Structure formats: C-alpha cells, structure tokens
Amino acid sequence: MAIKDFPVEECILQGNAACPGCPATMALRMVFKALGKNTVMVVPACCTAVIESLYPHTSFDIPVMNIAFEAAAAGASGVEAALRMQGKKDTTVLAWAGDGGTYDIGIQALSGALERGTNFIYICYNNQIYSNTGIQRSGATPYAAWTTTTVSGKTEFRKEMGDIIQAHHIPYSAQTCVSYPDDLYRKLKKAKSIKGPKYLEIMAPCPPGWRFSMEKTVEMGRMAVETGAWALYECENDVVTFNGKSKLILEKKIERKSIEEWIKYQGRFSHLFKPKKDTKRIQTLEDHIDQLWERYRKCYL
Amino acid sequence: MKRYDVVTTISYPKTGAMGKTGSWRVFKPIFDKAKCVKCLRCWIFCPEASIRREKDGTISIDYEYCKGCGICANECKVEAITMEREGGKK
C-alpha cells in the first residue's frame, strides 16, 4: 500500500509530551490509521502514559484506560467482556504496552489473556529498555548494551518474546518495525480482521535511551532489520512467513549487514569502541545473531 | 465536547495539552516546494503529526507544534526539507 493511500485522520493530537523523534507516537499514528477511531485502548505504566499529557487534558482522541504495570492484558480482557455484554462487537480493544510491561512485568497477565482466547490486539512497542523510568535494563535489552543498571554493558542475551507467544498457538502474531509503515499497516489490518487474541511487536528505537541523535529514529529501525538484529515476520495459525528484507536474509538472497553498522551509531554501545575496540564482545553479539538466523532457517525455511 | 458525569478522574482531548511544543525546537525544518516529489515519507514518519498534507499532494509544516526532531529532513530522499538553526544562522 502506497503512503498516499493511508487515512488522513489523526488520533494523536499535536502538542503532546513525547520527546522529539519519539518512535512511540510515530507507531501510534500508524496504528490508529489502520485501526480507526472505533478503538478502546488500555495503557499500563509506560512512556505512552506520559505522552497522554497532564490532567485534565489528554492528547489521545480515543478512549484510553490507564492501568497498573502488570495488568495491561487483564484490563483489556475486562474491557472486551464489558463491550461484548453491551453488544458493541465491532469495537477493537487494543492493549498497548512497552517491552518492560510485556517481557518482564506483564507476561503473566498477557499469557493468561492469550490462553483465555480474549478477542483483542496486544501491541508491544519494544525499545529494549525501561525508558519511562530512566533507562533501566529489561528482558529485551541486547547483550553488551549500556543502561543505568548495567553500567559496563549487559552480560545476558535478550529473550525471544515472539517464540514465547507462538507457544500459545494464537491465531495471529507478528513482528514489525516503525521504519516500515506499509508492513506495519498491513499487519495491523490483518490483525483487526481476525477474531481471537492477536500479538504484535513493534521495534521502536528510542533516541534518549539508545543515545543516538533524534533524527535517526527511522534509520536505526531500518538498520536493526538489515543487520538481522530484528526480524520481520508474521505467524498465522502456526505458519510463519518472513517479510521484506528479513525474508531475503532468511533465504540468503542478501547478506545481512555486520552488527557494527548498527551499534556504532548508538551511544549505549560506545564502550565497545572507546577507548579501545572490544572485538571479543562485538564478535559475541555477531555470533548470537548468526545462531538466531540459523535457528530460523532450520525451523521456517 | 460531551462531558461525562462520572466519579473517577477523566481527561478530555485537547490539541496542545503540553502547551505550544514548537518552543522546544532548536533546528527548524524548511520545506522547498520545488524539490518535493510528493512521496509523503515525511508525513508518515513525523512523530508529532506536524506535517500537513495539502490538496496538491505536497506538504506544509505546522511550526506551532513541530518539536524540530529532523526526521523529515533525514528521511527526505530529494532533500526538499533542510534543517536551519532557529532565529537565523549564528
């Protein structure tokens, strides 16, 4: 779908509290273009709760319910049940949580809602840190990345949330990225048309959290896909299809770029380059991504 | 706008809930209509919805709320948008 065919309607009003270059508002704009105004949104503690701005005003032009950190999916289940009892069957329920609220704190509520088969869309916008509370490490933070709680670099690898979700055998789950609006839009349209629990994960490079300059948000997302650090795929009824650049990498039609191309622009990896280049840790990162893609090839090719 | 009589706290939508965010800007995007190829990449990637679509397919920029992140200038393939320091070059 060409960009000029996207709906013009905006649900995120101007003058909100987001940082300049924020990937969350960028993704939210695209999400609401796909879902339309007939949507109820559930937001736990995350950057989006701040972007809503101060009481008595809000910058979201749709109904939003704020809820505790661990309860996004549980809250959405309740909203869905209430709407069903009122007979409002065409209203989309959207739970919108960050990676902290999905990978770590909200995973039990999410797993429960997926298992119950609640008819809702759960979106995790993944910026690989707890950015709202001041850049702490989360389960999604990659190996060797600096955060305020992993000062010399994280010593563990990030977990694969996509695989955990696939183990629930839900009708639709997908991974996408803010830098590919057509991919994001198509996946959301598809998710909206399917009944049952749907899970989407959006890669959202965060300028203050990753320590890169704010005009590079889209570029960083594109680099994450091209280096193989992030894969674009969708899983419909247990059949996994890779999309776009990730498909070409999977089929070995193009070589994935070196991870260095991506991390050298990010201040959170600067300790790997200054004062001396830490080739050992960069190689560990590279090997981990190679292993990931080998596993993808074994399972899905 | 419809007001609801409920016990809980409820916020209502307002443009500029955090004031005129244009004052946050250090660099200002300048749009050159002659170079524009109407791809609308700036419009879809603007995190602030500060780029308006015009009837002729080009765009215009809302300086009242633009936070000056520079994504539009960075993503424009034909360099129709350039960033200039606010208040002239120093």
Side-chain angles (χ1 to χ4, degrees), chain A residues 1-30 32-33 37 50-66 178-182 184-185 204-205 207 213-222, chain B residues 1-4 6 8-29 37-59 61-77 81-83:
Chain A
M1 187 173 180
I3 293 173
K4 67 176 185 343
D5 301 326
F6 278 54
V8 190
E9 198 178 41
E10 300 286 350
C11 290
I12 305 295
L13 301 175
Q14 291 171 291
N16 55 48
C19 309
C22 180
T25 43
M26 200 191 287
L28 273 167
R29 280 186 65 217
M30 298 173 197
F32 289 130
K33 281 182 197 308
K37 268 210 162 167
V50 177
I51 294 167
E52 281 166 31
S53 313
L54 298 174
Y55 177 80
H57 304 303
T58 170
S59 36
F60 283 43
D61 206 2
I62 53 150
V64 179
M65 181 172 82
N66 286 104
V178 279
S179 312
Y180 298 88
D182 44 343
L184 200 157
Y185 188 85
S213 60
M214 57 196 172
E215 77 272 8
K216 285 202 159 66
T217 304
V218 179
E219 213 177 305
M220 282 296 134
R222 208 179 301 130
Chain B
M1 173 165 293
K2 193 182 164 193
R3 298 267 152 180
Y4 295 89
V6 286
T8 180
T9 49
I10 180 165
S11 300
Y12 294 92
K14 184 180 178 248
T15 301
M18 293 302 282
K20 304 263 185 262
T21 47
S23 63
W24 299 10
R25 202 167 52 230
V26 179
F27 289 93
K28 185 179 184 178
V37 292
K38 304 174 186 177
C39 69
L40 293 173
R41 286 169 62 83
C42 51
W43 171 72
I44 195 70
F45 285 129
C46 178
E48 202 49 32
S50 284
I51 291 183
R52 289 175 299 226
R53 280 170 74 167
E54 295 296 327
K55 282 205 177 81
D56 60 349
T58 59
I59 55 121
I61 299 163
D62 186 347
Y63 291 114
E64 213 167 339
Y65 294 109
C66 168
K67 288 170 185 165
C69 64
I71 288 177
C72 46
N74 200 42
E75 285 309 306
C76 187
K77 302 259 180 183
I81 301 176
T82 44
M83 299 303 281

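Side chains included, hydrogens not; waters and symmetry mates left out as well; all remaining heavy atoms used. It should be emphasised that the depicted structure is a prediction, and the values quoted were computed from it without experimental measurement.
- In this structure, A:H57 and B:A17 approach most closely via the heavy-atom pair CB-CB, 3.9 Å.
- If you measure heavy-atom distances from A:V178 to chain B, the contacts under 4.5 Å come from the backbone alone.
- Under the 4.5 Å side-chain criterion, counting only non-hydrogen atoms from C-beta, B:K14 is not in contact with A:L13.
- The parts of B:E48 that come within reach of chain A are both its backbone and its side chain, each placing non-hydrogen atoms under 4.5 angstrom from that chain.
- Put simply, of B:T21, B:I71, B:D62, the one with the most heavy-atom pairs under 4.5 Å next to chain A is B:I71.
- Between the A:K4 side chain and the B:K38 main chain, no donor and acceptor come within less than 3.5 Å of each other.
- A pairwise comparison of heavy atoms in B:W43 and A:V8 identifies CZ2-CA, 4.2 Å as the closest pair.
- Between the CG atom of B:L40 and the CG atom of A:D5 there is a distance of 10.0 Å, given to the nearest 0.5 Å.
- Neither the backbone nor the side chain of B:R25 comes within contact range of chain A; no heavy atoms are under 4.5 Å apart.
- Taken from CD in A:E215 to CE in B:M83, the straight-line distance is 8.0 Å, to the nearest 0.5 Å.
- In terms of non-hydrogen atom pairs under 4.5 Å with chain B, the most contact-rich of A:M26, A:R29, A:K33 is A:R29.
- Annotation: side chain of A:N16 is not in contact with side chain of B:M18 (no heavy-atom distance under 4.5 Å).
- Rounding to the nearest 0.5 Å gives a distance of 7.0 Å between CD of B:E75 and CD of A:E219.
- When the candidates A:P207, A:A2, A:P20 are compared by the number of heavy-atom contacts under 4.5 Å with chain B, A:P20 comes out ahead.
- A pairwise comparison of heavy atoms in A:Y55 and B:I10 identifies CE1-O, 3.5 Å as the closest pair.
- Of the residues considered (A:S179, A:P56, A:P181, A:S59), A:P56 shows the highest number of contacts with chain B, using heavy-atom pairs under 4.5 Å.
- Interface residue A:F60: only backbone heavy atoms are found under 4.5 Å from chain B.
- For chain B, the nearby parts of A:Q14 are the backbone and the side chain; heavy atoms of each come within less than 4.5 Å.
- Note on B:G57, B:G68, B:C46: by heavy-atom pairs under 4.5 Å with chain A, the leading option is B:C46.
- Among all heavy-atom pairs drawn from B:P47 and A:G21, the shortest one is CG-CA, 3.9 Å.
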